Amino acid sequence: MSIDEGALLSWFDTHGRDLPWREPECTAWGVLVSEIMLQQTPVARVRPIWLAWMARWPRPSDLAASSQGEVVRAWGKLGYPRRALRLHAAATAIAAEHGDLVPSDVDTLLALPGIGAYTARAVTAFAYGRRAPVVDINVRRVVARAVHGSGEAGPASTTRDLADVEAFLPAEDGRAARFSAALMELGALVCTARTPRCADCPVYGDCAWQRAGRPAYAGPVKQVQRFAGTDRQVRGLLLDVLRGTEGPVDRAALDLVWPQAGQRDRCLDSLLVDGLLEQTGDGRFALPGEH
DNA sequence: AATGCGTGGTA
DNA sequence: TTACCAAGCAT
């Protein structure tokens, strides 16, 4: 079983979103920045930050010339701010080792910080129009349904997931890249996790899940991570204090954000270990490089 | 392989 | 309101 390329691409032409990182004039650096920002963060929240980011740092070397603190501040509340540090590190490596040009081959991209199996292939495909299986949660869900007839994707397995898509990816570079973008878009707009819009689906007629009578998902239930009360929440509150001020703050200001001293201290320490915060000579705390 | 890592919109 | 969900990565 496969996916009808013509039907999918025709649908993509009509219904694909106009996103700034899909514009023909968007650079490979712009594509890379978008892919990092979009890791676990919705398009609507990424768009304004991406626009500001690209206006301020149009090339990797521009970002590399800024401090980590400025980059973390510009990241704002996109979440998972370690991504901002990794992007800064990747930009530094690209500027220093790759002539300020984002690499185009998967293995070179994989060697950069913050770039994994998905992002490396997304950059290869979307920035350079090369053939590479691009597998994110949207693609895994579409494949699970349309190809395997399962209600949702099981646990991720890079090797298996890549092989799944490799099997039906068009052979030619440009067509493969466009096919991948369309497959992701279908998962994002139509073949959604909670309430799929099957009536609007361009591959409805070939969908294995439909043909099987839309059986309920029988695989392992994936645990939804709690947030309230976790270290993630406390780290976010601590970092938000620094984002909201210019210079270093003293400990008392950070003590206000969370009542439990033990957890607070643990989170503060982990932020220092991660390099998201630094301690000044007089014992205060600052974003990295901002003191 | 399972877990930790932010944040906010939606049903 | 709570629970789910969002273009993953590193360890």
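No experiment lies behind these values; they were computed from the predicted model shown. Chain identifiers are assigned alphabetically (A, B, ...) following the order of the sequence lines, protein sequences preceding nucleic acid strands; residue numbering begins at 1 within each chain.
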Atom [atom1] of [X] to atom [atom2] of [N]: distance rounded to whole Å?
{"X": "A/Asp136", "N": "C/dG8", "atom1": "CG", "atom2": "P", "answer": "5 Å"}
{"X": "A/Arg141", "N": "C/dC4", "atom1": "CZ", "atom2": "P", "answer": "16 Å"}
{"X": "A/Tyr80", "N": "B/dT3", "atom1": "OH", "atom2": "P", "answer": "14 Å"}
{"X": "A/Gln223", "N": "B/dT3", "atom1": "CD", "atom2": "P", "answer": "9 Å"}
{"X": "A/Lys77", "N": "B/dT7", "atom1": "NZ", "atom2": "P", "answer": "6 Å"}
{"X": "A/Phe227", "N": "C/dT1", "atom1": "CZ", "atom2": "C1'", "answer": "17 Å"}
{"X": "A/Gln233", "N": "C/dT2", "atom1": "CD", "atom2": "C1'", "answer": "15 Å"}
{"X": "A/Asp274", "N": "C/dC9", "atom1": "CG", "atom2": "P", "answer": "18 Å"}

Mind checking [X] for me? I need base, sugar-phosphate or nothing, with any heavy atom below 4.0 Å counting as a touch.
{"X": "A/Arg17", "result": "base"}
{"X": "A/Gly116", "result": "sugar-phosphate"}
{"X": "A/Asp231", "result": "sugar-phosphate"}
{"X": "A/Arg86", "result": "sugar-phosphate"}
{"X": "A/Leu19", "result": "base"}
{"X": "A/Ala193", "result": "sugar-phosphate"}
{"X": "A/Leu239", "result": "nothing"}
{"X": "A/Thr119", "result": "sugar-phosphate"}
{"X": "A/Pro155", "result": "nothing"}
{"X": "A/Ala117", "result": "sugar-phosphate"}
{"X": "A/Ile115", "result": "sugar-phosphate"}

Practice prompt. Any chance you could lay out the side-chain hydrogen bond (donor to acceptor under 3.5 Å, both in side chains) test for A/His15 and A/Asp200, step after step, and finish with the verdict?
Written response: CA-CA 10 Å; A/His15 298 283; A/Asp200 301 324; over 6 Å; no
Nucleotide nearest [X] when distance is taken to its side chain, options [options]:
{"X": "A/Arg226", "options": "B/dC5, C/dC4, C/dA7", "answer": "C/dC4"}
{"X": "A/Arg235", "options": "B/dC5, C/dA6, C/dC9", "answer": "B/dC5"}
{"X": "A/Arg83", "options": "C/dG8, B/dG6, B/dC5", "answer": "B/dG6"}
{"X": "A/Arg243", "options": "C/dC9, B/dT7, B/dC5", "answer": "B/dT7"}

Worksheet item: Given that A/Trp21 and A/Leu112 both sit by DNA chain C, which one's nearest nucleotide is further toward the 5' end?
Response: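 Residue closer to the 5' terminus by nearest nucleotide: A/Trp21.
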Worksheet item: Judged by atom type as modelled, is there a donor-acceptor pair below 3.5 Å linking the side chain of A/Thr14 to the main-chain atoms of A/Ser10?
Response: yes
Worksheet entry | Under 3.5 Å donor-acceptor, A/Glu35 side chain and A/Val31 backbone | no
Answer yes or no: side-chain N or O of [X] and base N or O of [N] forming a donor-acceptor pair under 3.5 Å.
{"X": "A/Arg232", "N": "B/dT7", "value": "no"}
{"X": "A/Thr41", "N": "B/dG6", "value": "yes"}
{"X": "A/Arg194", "N": "C/dC5", "value": "no"}
{"X": "A/Gln225", "N": "B/dG4", "value": "yes"}

Practice prompt. Answer yes or no: is there an ion pair linking A/Asp265 with A/Arg251, defined by an N-O contact shorter than 4.0 Å?
Written response: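 A salt bridge is present here (some side-chain N lies under 4.0 Å from a carboxylate O).
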Practice prompt. Output yes when A/Asp62 and A/Arg56 qualify as a salt bridge under the 4.0 Å nitrogen-oxygen rule, no when they do not.
Written response: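 A salt bridge is absent here (no side-chain N lies under 4.0 Å from a carboxylate O).
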Item to complete: Please assess A/Tyr118 against A/Gln39 for the test side-chain hydrogen bond (donor to acceptor under 3.5 Å, both in side chains), listing each intermediate value before the final yes or no.
Response: CA-CA 9 Å; A/Tyr118 163 76; A/Gln39 292 168 1; over 6 Å; no
Practice prompt. Please determine if a side-chain N or O atom of A/Gln40 lies less than 4.0 Å away from the OP1 or OP2 oxygen of C/dG8.
Written response: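 Affirmative; the distance criterion is met.
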Practice prompt. Report the distance from atom CG of A/Leu8 to atom CD of A/Glu5, rounding to the nearest 0.5 Å.
Written response: 8.0 Å
Discussion item. In whole Å, measure the gap between the C1' atoms of C/dA10 and B/dA1 for me.
Written reply: 13 Å
Item to complete: For nucleotides B/dA11 and C/dA7, find the distance between their P atoms and express it as a whole number of Å.
Response: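 Looking at atom P only, B/dA11 and C/dA7 are 15 Å apart.
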Item to complete: Please figure out whether A/Leu78 or A/Thr195 has its closest DNA chain B nucleotide nearer the 5' end.
Response: A/Leu78
